[in-house]
Protein chains: 2
Amino acid sequence: MATIDDVAKASGVSKGTVSNVFSRKRPISKEVTERVLAAAKALHYKPNYWARSLVNRSTRILGLNIRGESFQFGQFHLSLMNGVLRVCYEHGYRLLVNTLSPAYLSRVEHIASDPVDGEILLDPLEGDERIADRFHIGLPVVIVGRPPGPYEGKVSYVDNDNIGMAAQVTRYLLDLGHRDILFLNAPAGSTVSADRGAGYAAAFWQAGLEPKSGRMLYKPLQDSPSHAFGYESALAALAASPDVTAVIADTDTMALGVYKAAEQLGLRIPEQLSVFAFSDDSVLSPEFSPPLTGVRLHADRLGAEATRLLLEQLGTAEKSVKRVLVPSELVIRGSCAPPAPIYP
Amino acid sequence: MATIDDVAKASGVSKGTVSNVFSRKRPISKEVTERVLAAAKALHYKPNYWARSLVNRSTRILGLNIRGESFQFGQFHLSLMNGVLRVCYEHGYRLLVNTLSPAYLSRVEHIASDPVDGEILLDPLEGDERIADRFHIGLPVVIVGRPPGPYEGKVSYVDNDNIGMAAQVTRYLLDLGHRDILFLNAPAGSTVSADRGAGYAAAFWQAGLEPKSGRMLYKPLQDSPSHAFGYESALAALAASPDVTAVIADTDTMALGVYKAAEQLGLRIPEQLSVFAFSDDSVLSPEFSPPLTGVRLHADRLGAEATRLLLEQLGTAEKSVKRVLVPSELVIRGSCAPPAPIYP
DNA sequence: AAGTAGCATTAAACCGTTTTAACAAATTCT
DNA sequence: AGAATTTGTTAAAACGGTTTAATGCTACTT
């Protein structure tokens, strides 16, 4: 690989001049410019990214950090990443996807700071260490999802209105006449599951009702497939308590598991069991039979907004903290209906 | 951000010693080690990634390069990326997703070399400039898909057996009795569309038949949604020539468009029209009605194998060229059947 | 004619690491 | 005891760029 010195030597100028030819920071005479460009082309010279970043104190790279435990992308993450990539694409930034295994991280012990100008953190947990880490080294950060308590108001983030959304959904099911609703929630400890759980409960209270205890189940944090969790937990819960007439699932994949459980128990959807999902997949959901009623989260917009927020933060020195709520919409298809009347 | 000099000063040693404490390349006395570590922790010191990379001539970063025109990921790319990420994850590498817009690239003009140790190139085109670029600067490269002619045997790649696969599929449809098969192929100029087109034709010849001319359509390179292309081209073709009894679509999304066109024309699938897709989505396809017959491409395995090949190449100095073929399987569901007998 | 301003170029300093070569001090070998 | 080796540490030299300050020109004022 040719260096700037090679080019300088080949064209008979100093390396400072070569640098200026490329960056156009200072005017260089036409004649010299051409000579340098010719030499650079002949040598297949490209400036070294690291050396440049070192002195510029900036890579044009953004980081996307997904918690180490789950490196498997689902539809939501994919869609979100599409949004991130689109904005990166427009602004000439690259994206560094950062999913180092905890095993590897602990092995290396003294890991270097990430080579990014800023970072997007996904799926914040209550007591998430990642945020404190970034604060110490002064790395600009935007979070997708509500940050844990101590950091609210201290860091910019993008989120759906999870409390309101969960309340709306629960109210919808309550209005249909359901009284015993199983909620297969996101993993305990994540802020999103806390918010949705709160919204679920709030809707009951507001209707003058009380949610049955033991009806909120959390997906385990470890990589158990959503599909399996939906299937197994729905099967167990429905078999144990036939009063359950509706299920709210965290994802469409999980809902697919619920469909399977219903089929096995001989429960028809939606006549005997209503199923709802916090789904983001507009391709998949309509193809369920019956088509899955859910909510559109606009994951791509979450990603795009987060990226914009981050870029904005990079541009200005001031550390303004912003919060963006991306609206979500109930999409009613065919998987929810009033509960069957109880016959003797 | 604290530097190594700060730590050195704070603990009263030279920076070389600090470096050695972290890298363990040379033994440092226990006493000094502790003093340095304490100072580092107090200052929240983390080694600077760029400076380290500069002298090491290695980042532990792999690049994933998707052609600039299409930055929108589909199911195939997602799945593939999952495979790449998984292997990266295991080996302590990060992934740099590289989708800079051509507009931006041309604006910057003299772009620096990518800050990666090696790169995975997706969707090679006939006459793809990216490969030559990487060769000139000596960057290790693995391609997913068959590289264009001049580079066969010069660069490692991972691919499905697209020729064989397309031939197998076409034979399957011929055996069912179809004679006029519309092929909605990948964009012209991509090596994958060439291979599949060749397989399609080969199956006809081998059966002593001849493919009808004008029955192979290529998706435009620009970002026209697959869904729309499937819908529009199928609608036009089926309306113009009622002899067509089967359609091979490039992706499941495209097949969805074909389904829509069939519905609009009042054609029942599979009785009046057979539909097939080179699909990789094991979640989506079974949910079509009728479930979509297709082929499992194992995109994740393509990604994982490509990554392994690349890492292997990085480890050893020798430039061995390897080719890995990932098997694909016909998955017969419910969208293909013998053509309807022709009644007067 | 001398002073000043502007332009193109360069030598040297710098960015934050790792690595090399040198160097004492402590240990082991004849 | 003196030479040879080992051990722990350091100053200085990379790595490949950018930026600063200085320099030699030419052209323009006064």
Side-chain angles (χ1 to χ4, degrees), chain A residues 1-37 39-40 43-61 108 110-117 137-139, chain B residues 1-37 39-40 43-61 108 110-117 137-139:
Chain A
M1 188 61 201
T3 75
I4 198 171
D5 278 306
D6 299 332
V7 177
K9 225 167 284 171
S11 48
V13 296
S14 76
K15 52 187 208 164
T17 304
V18 176
S19 175
N20 281 321
V21 166
F22 280 93
S23 64
R24 301 182 187 287
K25 297 235 168 169
R26 281 156 188 280
I28 299 291
S29 70
K30 193 147 201 165
E31 186 210 3
V32 172
T33 300
E34 280 173 9
R35 216 167 58 216
V36 169
L37 252 35
L43 292 169
H44 293 297
Y45 167 72
K46 295 207 170 191
N48 182 302
Y49 206 100
W50 319 310
R52 186 180 265 189
S53 301
L54 180 56
V55 50
N56 285 345
R57 321 169 99 50
S58 149
T59 61
R60 291 178 67 88
I61 300 181
V108 179
H110 302 288
I111 199 85
S113 62
D114 279 351
V116 296
D117 292 348
I137 63 175
L139 187 74
Chain B
M1 189 59 202
T3 75
I4 199 171
D5 277 308
D6 299 331
V7 176
K9 225 167 285 169
S11 48
V13 296
S14 77
K15 50 190 207 162
T17 303
V18 177
S19 175
N20 280 322
V21 166
F22 281 94
S23 64
R24 302 182 187 286
K25 298 235 169 168
R26 281 158 188 280
I28 299 291
S29 69
K30 194 150 202 166
E31 187 211 3
V32 173
T33 300
E34 280 173 10
R35 216 166 60 217
V36 169
L37 250 36
L43 292 167
H44 293 296
Y45 167 72
K46 296 207 170 191
N48 182 302
Y49 206 102
W50 319 310
R52 186 179 265 189
S53 301
L54 179 56
V55 48
N56 284 344
R57 322 170 97 51
S58 148
T59 60
R60 292 177 68 88
I61 300 181
V108 179
H110 302 289
I111 199 84
S113 61
D114 280 351
V116 297
D117 292 348
I137 62 175
L139 187 73

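Model, not experiment: these values are computed from the prediction. Quick note on labels: first sequence line is chain A, next is B, and so on, each numbered from 1.
Counting only heavy atoms from C-beta on, A:Asn56 has its side chain closest to D:dT18 among D:dT18, D:dG8, C:dT18. If you check D:dG17, C:dG16, C:dA8 against the side chain of B:Thr3, the one that comes closest is C:dG16. Nearest to the side chain of A:Val32, among C:dT10, C:dT9, D:dG17, sits C:dT9. Among C:dA8, C:dT10, D:dG17, the nucleotide with an atom closest to any side-chain atom of A:Ser14 is C:dT10.
For A:Lys25 and A:Ala51, each mapped to the nucleotide of DNA chain D holding its nearest heavy atom, the one lying further toward the 5' end belongs to A:Ala51.
Within the structure, every side-chain polar atom (N or O) of B:Ser53 is placed at least 4.0 Å from both OP1 and OP2 of D:dC15. Under 4.0 angstrom from either OP1 or OP2 of C:dT18 there lies at least one side-chain N or O belonging to B:Ser19. For the OP1/OP2 pair of D:dG17 and a distance below 4.0 Å, the side-chain nitrogens and oxygens of A:Tyr45 include at least one atom meeting the criterion. Contact between the side-chain N/O atoms of B:Lys15 and the OP1/OP2 oxygens of C:dT18 is not found at any separation under 4.0 Å. One finds a side-chain N or O of A:Arg57 lying less than 4.0 angstrom from the OP1 or OP2 phosphate oxygen of C:dG16.
Whole-Å rounding puts the B:Lys9 NZ to C:dG16 P distance at 11 Å. Protein atom CG of A:Leu54 is 10 Å distant from nucleotide atom C1' of D:dT18, rounded to whole Å. A straight line from CH2 of B:Trp50 to P of C:dC14 spans 20 Å, rounded to a whole angstrom. Rounded to a whole Å, the CZ atom of A:Arg26 is 13 Å from the C1' atom of C:dG6. One atom, CD1 of A:Ile4, and another, C1' of D:dC15, lie 13 Å apart when rounded to the nearest Å. Rounded to whole Å, atom C1' of D:dG16 lies 15 Å from atom CD1 of B:Ile137. At whole-Å resolution of the value, CD in B:Glu31 and C1' in D:dT7 are 15 Å apart. Following rounding to the nearest Å, A:Arg35 (CZ) and C:dT10 (P) show an atom-to-atom distance of 8 Å.
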- B:Thr3 vs B:Asp6, side-chain contact (heavy atoms from CB on, under 4.5 Å): CA-CA, chis, key distance, verdict: CA-CA 5 Å; B:Thr3 75; B:Asp6 299 331; 3.6 Å; yes
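For the atom pair B:Ile61 CD1 and A:Tyr49 OH, the distance stands at 9.5 Å (nearest 0.5 Å). Considering CD1 of B:Ile4 and CG of B:Leu43, their distance stands at 12.0 Å, rounded to 0.5 Å. Here OH of B:Tyr45 is found 9.0 Å from CG of B:Asp5. Values are rounded to the nearest 0.5 Å. A distance of 11.5 Å separates CG in A:Leu37 from CD1 in A:Ile28, rounded to the nearest 0.5 Å.
With hydrogens and angles ignored, the 3.5 Å screen pairs no side-chain donor or acceptor of A:Arg26 with any backbone N or O of A:Asn20.
Looking at heavy-atom distances under 4.0 Å, B:Ile28 makes contact with sugar-phosphate atoms alone, never a base. Within the nucleic acid shown, B:Lys46 comes within 4.0 Å of sugar-phosphate atoms alone, with no base atom in reach, counting heavy atoms only. A:Thr17 comes within contact range of at least one nucleobase, with a heavy-atom separation under 4.0 Å.
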